[in-house]
Asks: 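For reference, the structure I am asking about is given below.
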Amino acid sequence: MSVRHPIVAVTGSSGAGTTTVKHAFAEIFRREGINAFFVDGDSFRRYDRAAMKRVVAAAQAAGRPISHFGPEANLFERLEGLFQEYSRTGSGLYRHYLGSREAAVRHGGEEGSFTSWQEIPPGSDLLFYEGLHGACIESTWSRREMSPSHNPLIMKLRQQQQERGDRGVDVARWVDLLIGVVPSINLEWIQKIHRDCAVKGSSAEAVTATILRRLPDYLRYITPQFSLTDINFQRVPLVDTSNPFIARDIPTPDESMVVIRFREPKRHDFPDLKRRLPNSFMSRPNTLVVPGGHMGHAIEVICAPLVQELLERQRSHG
């Protein structure tokens, strides 16, 4: 963490809705006059699109699953290196993943490839990350230790890493404000299936196979992050999603609620939040529930003061 060069990270799996949160933060930055530097988590993938297809095919032939969720397909060390360097100097190495035709045209590269690495230019107020691994912890022995039954023991993992002299990777330790975006798992799968079929032209069967292939990595490397987040935004549908693989459409925001969990509830004025967020209520002392259609507004209301706090600390230290 850094007073002079803060980092805000939004973490959540593919199809979870992190882009919605990114747009809400962009509005906060615009309104507050904050010069934020945006980094896309996809740019820290290890392989471009063509190479990943080859790697997945080879892994499947060997009976060994691999996915974009796990360490074999990502540059966790470089991501932590960026966060560490930005915290220290306000700079660091980044690149772009050209995941769409528009991005490829904009950066003059081939769709599905990467740009070259380059330095973050000086002068940004904070770094904003949106992607899969904003709170990733990866020990060199985590494949054995981080089974699903061990997921709640994240803090003990850090302690054991230190005791064993195993540095591993700990992306989360450098983040000043960490936001999780976590739809209920069936809703996440419905969104994934519909998005990939509509945008990428995939078949429902192919997307379903992808979901099943990457499930072990989801349990090891995605789910544990939400024990470390400052705030989680979880959209919960109010319609039947019991079989996500046959759902005809995605539940709309008005057909859902957003469950917002605060890691440090004493930092927040819940009566004021309920006043500013119509039809919201507290389901637990650390949990606020708002209508699904108010998610973007809730993010701005809740997170804008936290971003301002980071910048005020920055100014007070020159």
Side-chain angles (χ1 to χ4, degrees), residues 7-29 31 36 38 40-41 128-136 154 171-172 175-192 195 218 222-239 241 244 250-270 272-310:
I7 296 172
V8 176
V10 174
T11 191
S13 64
S14 176
T18 53
T19 302
T20 300
V21 183
K22 178 180 178 180
H23 290 161
F25 270 95
E27 178 59 23
I28 293 173
F29 300 149
R31 189 172 62 243
F38 286 75
D40 183 358
F128 181 86
Y129 167 94
E130 178 259 323
L132 295 173
H133 300 107
C136 180
I154 299 299
V171 175
V175 180
D176 298 273
L177 177 59
L178 185 56
I179 305 298
V181 186
V182 204
S184 65
I185 191 66
N186 282 11
L187 175 58
E188 181 175 328
W189 289 345
I190 290 171
Q191 292 181 155
K192 169 71 174 172
R195 188 198 64 177
Y218 184 95
I222 302 300
T223 302
Q225 296 184 79
F226 304 116
S227 297
L228 302 175
T229 46
D230 295 301
I231 303 173
N232 279 340
F233 292 85
Q234 182 176 34
R235 188 157 77 92
V236 180
L238 300 178
V239 296
T241 60
I250 300 173
T252 67
D254 290 336
E255 295 174 323
S256 62
M257 302 293 286
V258 179
V259 178
I260 308 169
R261 189 273 297 164
F262 299 80
R263 185 166 59 88
E264 298 181 277
K266 292 182 179 180
R267 294 183 59 191
H268 303 272
D269 184 347
F270 290 115
D272 181 63
L273 290 178
K274 288 194 292 181
R275 179 183 60 80
R276 300 175 64 187
L277 297 169
N279 300 315
S280 61
F281 63 92
M282 303 294 295
S283 62
R284 286 187 175 182
N286 69 339
T287 305
L288 179 68
V289 181
V290 303
H294 296 178
M295 181 171 173
H297 180 53
I299 293 167
E300 293 187 36
V301 167
I302 293 167
C303 295
L306 302 179
V307 173
Q308 292 169 353
E309 183 180 307
L310 292 178

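Source: prediction; values computed, not measured.
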Asks: Using every non-hydrogen atom in the two residues, find where P251 and I190 come nearest and quote the distance to one decimal.
Replies: CD-CG2, 4.3 Å

Asks: For residues S184 and P237, report the shortest heavy-atom separation together with the two atoms involved.
Replies: OG-CD, 3.2 Å

Asks: State, with a plain yes or no, whether a side-chain heavy atom of W189 is found less than 4.5 Å away from one of T241.
Replies: no

Asks: Do you know which two heavy atoms are closest between R235 and S256, and how far apart they sit?
Replies: NH1-OG, 3.1 Å

Asks: Hey, does V236 have a side-chain heavy atom less than 4.5 Å from the side chain of L187?
Replies: no

Asks: When you look at N286 and E264, which way does the side chain to side chain contact (heavy atoms under 4.5 Å, CB included) test go after all the steps?
Replies: CA-CA 8 Å; N286 69 339; E264 298 181 277; over 6 Å; no

Asks: Start with the C-alpha gap between Y129 and V171, add the side-chain angles, then the distance that decides, and say whether side chain to side chain contact (heavy atoms under 4.5 Å, CB included) holds.
Replies: CA-CA 11 Å; Y129 167 94; V171 175; over 6 Å; no

Asks: Heavy-atom distance under 4.5 Å between the side chains of L177 and E309, does that happen here?
Replies: no

Asks: Between F128 and I28, does a side chain to side chain contact (heavy atoms under 4.5 Å, CB included) hold up when you go through it step by step?
Replies: CA-CA 12 Å; F128 181 86; I28 293 173; over 6 Å; no

Asks: What distance separates H294 NE2 from D254 CG, expressed to the nearest 0.5 Å?
Replies: 8.0 Å

Asks: So how far is it from H23 NE2 to I299 CD1, rounded to the nearest 0.5 Å?
Replies: 11.0 Å

Asks: What I'd like to find out is whether the side chain of E255 reaches to under 4.5 Å of the side chain of I250, using heavy atoms alone.
Replies: no

Asks: Over all heavy atoms of both residues, which pair between F270 and P285 is shortest? Give the atoms and the distance, please.
Replies: CE1-O, 3.8 Å

Asks: Show the numbers, then the answer: is there a side chain to side chain contact (heavy atoms under 4.5 Å, CB included) between M282 and K274?
Replies: CA-CA 8 Å; M282 303 294 295; K274 288 194 292 181; 4.0 Å; yes

Asks: Is the closest side-chain heavy-atom distance between Q234 and F226 below 4.5 Å?
Replies: no

Asks: Taking the side chain as C-beta and beyond, is there a heavy-atom pair between V21 and M295 under 4.5 Å?
Replies: yes

Asks: Which atom pair, heavy atoms only, marks the closest approach of T11 to H133?
Replies: OG1-N, 3.8 Å

Asks: Please report the interatomic distance OG(S283) to CG(L288), rounded to the nearest 0.5 Å.
Replies: 8.0 Å

Asks: Quick one: CG on L277 to CG on D272, what's the gap to the nearest 0.5 Å?
Replies: 9.0 Å

Asks: So which of V10, L228, I231 actually passes side chain to side chain contact (heavy atoms under 4.5 Å, CB included) with L178?
Replies: L228

Asks: For the pair R267 (side chain) and F262 (backbone), establish whether a donor and an acceptor sit closer than 3.5 Å, ignoring hydrogens and angles.
Replies: no

Asks: Within this structure, what is the OG1-CD1 distance for the pair T223 and I185, rounded to the nearest 0.5 Å?
Replies: 7.0 Å

Asks: Would a distance-only check, ignoring hydrogens and angles, find a side-chain to backbone donor-acceptor pair under 3.5 Å from D176 to I7?
Replies: yes

Asks: Hey, what do you get for CG (L306) to CD1 (I179), rounding to the nearest 0.5 Å?
Replies: 7.0 Å

